[in-house]
Amino acid sequence: MPTALATTHVAVDQPLDLPLTLESGQAFRWHNDGGVWSGFIEGRLLTLERDADGLHVTFDPATLPDADRAVRDYFRLDDDLPAIYAQLCEDERLSAAVQRHWGLRILRQDPWECLIAFICSQNSNIPRIAKMQETLANTLGEETSLGTLTRRAFPTPTALASAGETRLRELGLGYRAKYVAPTAEAVASGGLNLFALRAAPYEDAKAALIALPGVGEKVADCVLLFALDQLDAAPIDRWVRRALEDWYLDGQRLSYRDLWAWTRDSFGPYAGYAQQYLFFRRRETARAKGEGDS
DNA sequence: CCACGGCCTGATTC
DNA sequence: AGAATCAGGCCGT
């Protein structure tokens with residue numbers, strides 16, 4: 001089936017660093033080929049190129065008629081990043097992080113793909129998460145092409161559900177397969193409408209996610225922040241935990257819930273952005289100090 | 001409520 | 001070289 005290519009230009013008058021944002025560990029399936037990024041938005045293959053005043057987008061109008069809107073939604077271009085930065089920069093440590101990583105944005109991803117990615121993230125690392133996602137797509141996803149470019153979309157809930165735990169283990173998910181299979185089942189059966197959670201209050205949406213196997217507080221907060229419009233969700237992973245304990249809490253150990261409440265109180269409604277910057281900054285300083293640290 | 005060990009696997013370190 | 005250790009946690013006890 002031949003595809004007609006179309007292009008559009010999305011104006012960006014906000015901070016946006018494409019590689020920083022797309023490789024920040026929120027999304028795992030963007031490929032960079034000489035400054036041309038290929039990936040999926042709303043399940044449709046497209047390419048992105050950054051230029052001086054925005055993004056040059058190539059897409060298939062037959063499957064994605066409103067590419068301009070889709071791209072704006074995906075990069076959350078309606079978020080007033082300068083205002084968010086201004087608030088974060090009241091904190092000395094965050095101010096330094098923001099200046100070092102200007103243009104890092106939170107994405108609005110597809111919640112299904114995001115959910116599976118972060119279930120797979122436990123006890124893993126970014127390259128391996130990316131590898132698992134890519135393997136799932138290349139094995140169980142539908143082939144899609146855009147001009148001469150061909151990639152496979154992330155598998156549907158039905159596709160992952162029918163693959164089953166054993167097959168998912170063979171594909172390298174390890175013990176995560178026993179979480180992914182029933183989660184896919186739950187979503188495929190229509191028992192859980194992930195998109196509907198965007199309109200739900202934070203606690204309700206979080207409870208619905210945590211009810212799924214393999215989803216705890218941290219994974220739930222990742223999906224809430226990166227896909228479900230909850231900008232005050234603050235996933236606290238081991239890096240952010242260490243950052244908070246060492247830099248703000250004088251070494252004090254707190255529960256996940258207490259740390260979450262602390263970030264909410266300290267960084268306000270943009271705790272999610274604060275978290276993302278603390279994550280970056282902490283990893284950076286840990287590496288600089290020769291890894292081990294603490 | 002908190003603490004702890006086990007869990008797939010692959011890369012890196014000792 | 002081969003054994004530990006670690007990696008953006010979750011679950012059960």
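Below, chain A is the first sequence line, B the second, and so on; all start at residue 1.
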- Message: Between A:Thr58 and A:Thr47, does the side-chain hydrogen bond (donor to acceptor under 3.5 Å, both in side chains) criterion hold? Intermediate values first, please.
- Response: CA-CA 5 Å; A:Thr58 307; A:Thr47 67; 3.3 Å; yes
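A:Tyr175 contributes a side-chain N or O that forms a donor-acceptor pair with the base of C:dG9 under 3.5 Å. No donor-acceptor contact under 3.5 Å links the side chain of A:Arg253 to the base of B:dC2.
Within a 6.0 Å radius of CG in A:Asp250, other residues, nucleotides and ligands contribute 12 heavy atoms or fewer. Other residues, nucleotides and ligands contribute only 12 or fewer heavy atoms inside 6.0 Å of the CD atom of A:Glu142. Atom CG of A:Asp265 has more than 12 neighbouring heavy atoms from other residues, nucleotides or ligands inside a 6.0 Å radius.
As a whole-Å value, the separation of A:Tyr179 OH from B:dC8 P is 8 Å. Here C:dA7 presents its C1' atom at 9 Å from CD1 of A:Ile129, a figure rounded to the nearest Å. Regarding A:Tyr256, its OH atom lies at a distance of 16 Å from the P atom of B:dC1, rounded to whole Å. Protein atom CZ of A:Arg169 is 9 Å distant from nucleotide atom C1' of B:dC7, rounded to whole Å. Rounded to whole Å, atom P of C:dG8 lies 18 Å from atom CD1 of A:Ile119. Straight-line distance from the NZ atom of A:Lys218 to the P atom of C:dC10: 7 Å, rounded to whole Å. We find that CG of A:Leu168 is positioned 20 Å from P of B:dC7, with the value rounded to whole Å. As rounded to whole Å, 13 Å separates atom C1' of B:dC8 from atom CG of A:Asn125.
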- Query: Which string of ( ) [ ] | and . matches DNA chain B, if you list each base 5' to 3' and count Watson-Crick or G-U pairs only when both distances are under 3.5 Å?
  - Reply: ..|||||.||||||
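Smallest separation of non-hydrogen atoms from A:Gln87 and A:Phe267: NE2-O, 3.4 Å. For the residue pair A:Leu168 and A:Ala181, the shortest heavy atom distance occurs at CD1-N, 3.9 Å.
Here, B:dT12 and C:dG8 have their P atoms 13 Å apart, quoted to the whole Å. Annotation: B:dC8 and C:dT13 have their P atoms spaced 16 Å apart (nearest Å). With both ends at atom C1', the span from C:dT5 to B:dG5 equals 16 Å, rounded to whole Å.
Using a 30° and 60° split on the angle between ring planes, A:Trp262 and A:Tyr248 fall in the tilted class, from 30° to 60°.
Place A:Gln122 and A:Lys131 on DNA chain B by their nearest nucleotides, and A:Gln122 ends up nearer the 5' end. Closest-nucleotide positions on DNA chain C for A:Ile210 and A:Ser124 were compared, and the one nearer the 5' end corresponds to A:Ser124.
At a threshold of 4.0 angstrom between heavy atoms, the contacts of A:Phe226 include nucleobase atoms, whether or not backbone atoms are also involved. Heavy atoms of A:Gly25 sit under 4.0 angstrom from at least one base atom. At a threshold of 4.0 angstrom between heavy atoms, the contacts of A:Leu212 are confined to the sugar-phosphate backbone, with no base atom among them. Among the protein residues, A:Val215 comes within range of the sugar-phosphate backbone only, with heavy atoms under 4.0 Å from sugar or phosphate atoms but none that close to a base. Residue contacts shown for A:Pro127 are absent, as no nucleic acid heavy atom lies under 4.0 Å away.
Comparing B:dT9, C:dG8, C:dC10 by their closest approach to the side chain of A:Val219 singles out C:dC10. Of the candidate nucleotides C:dG8, B:dC7, C:dC11, C:dG8 has the atom nearest to the side chain of A:Arg283. For A:Arg176, whose side chain is taken as the heavy atoms from C-beta onward, the closest listed nucleotide among C:dC11, B:dC8, B:dC2 is B:dC8. When each of C:dC10, B:dC8, C:dG8 is scored by its nearest atom to the side-chain atoms of A:Arg128, the top-ranked nucleotide is B:dC8.
Taking the centre and axis of the six-membered ring of A:Trp260, the NZ or CZ atom of A:Lys206 falls inside the cone set by 45° and 6.0 Å.
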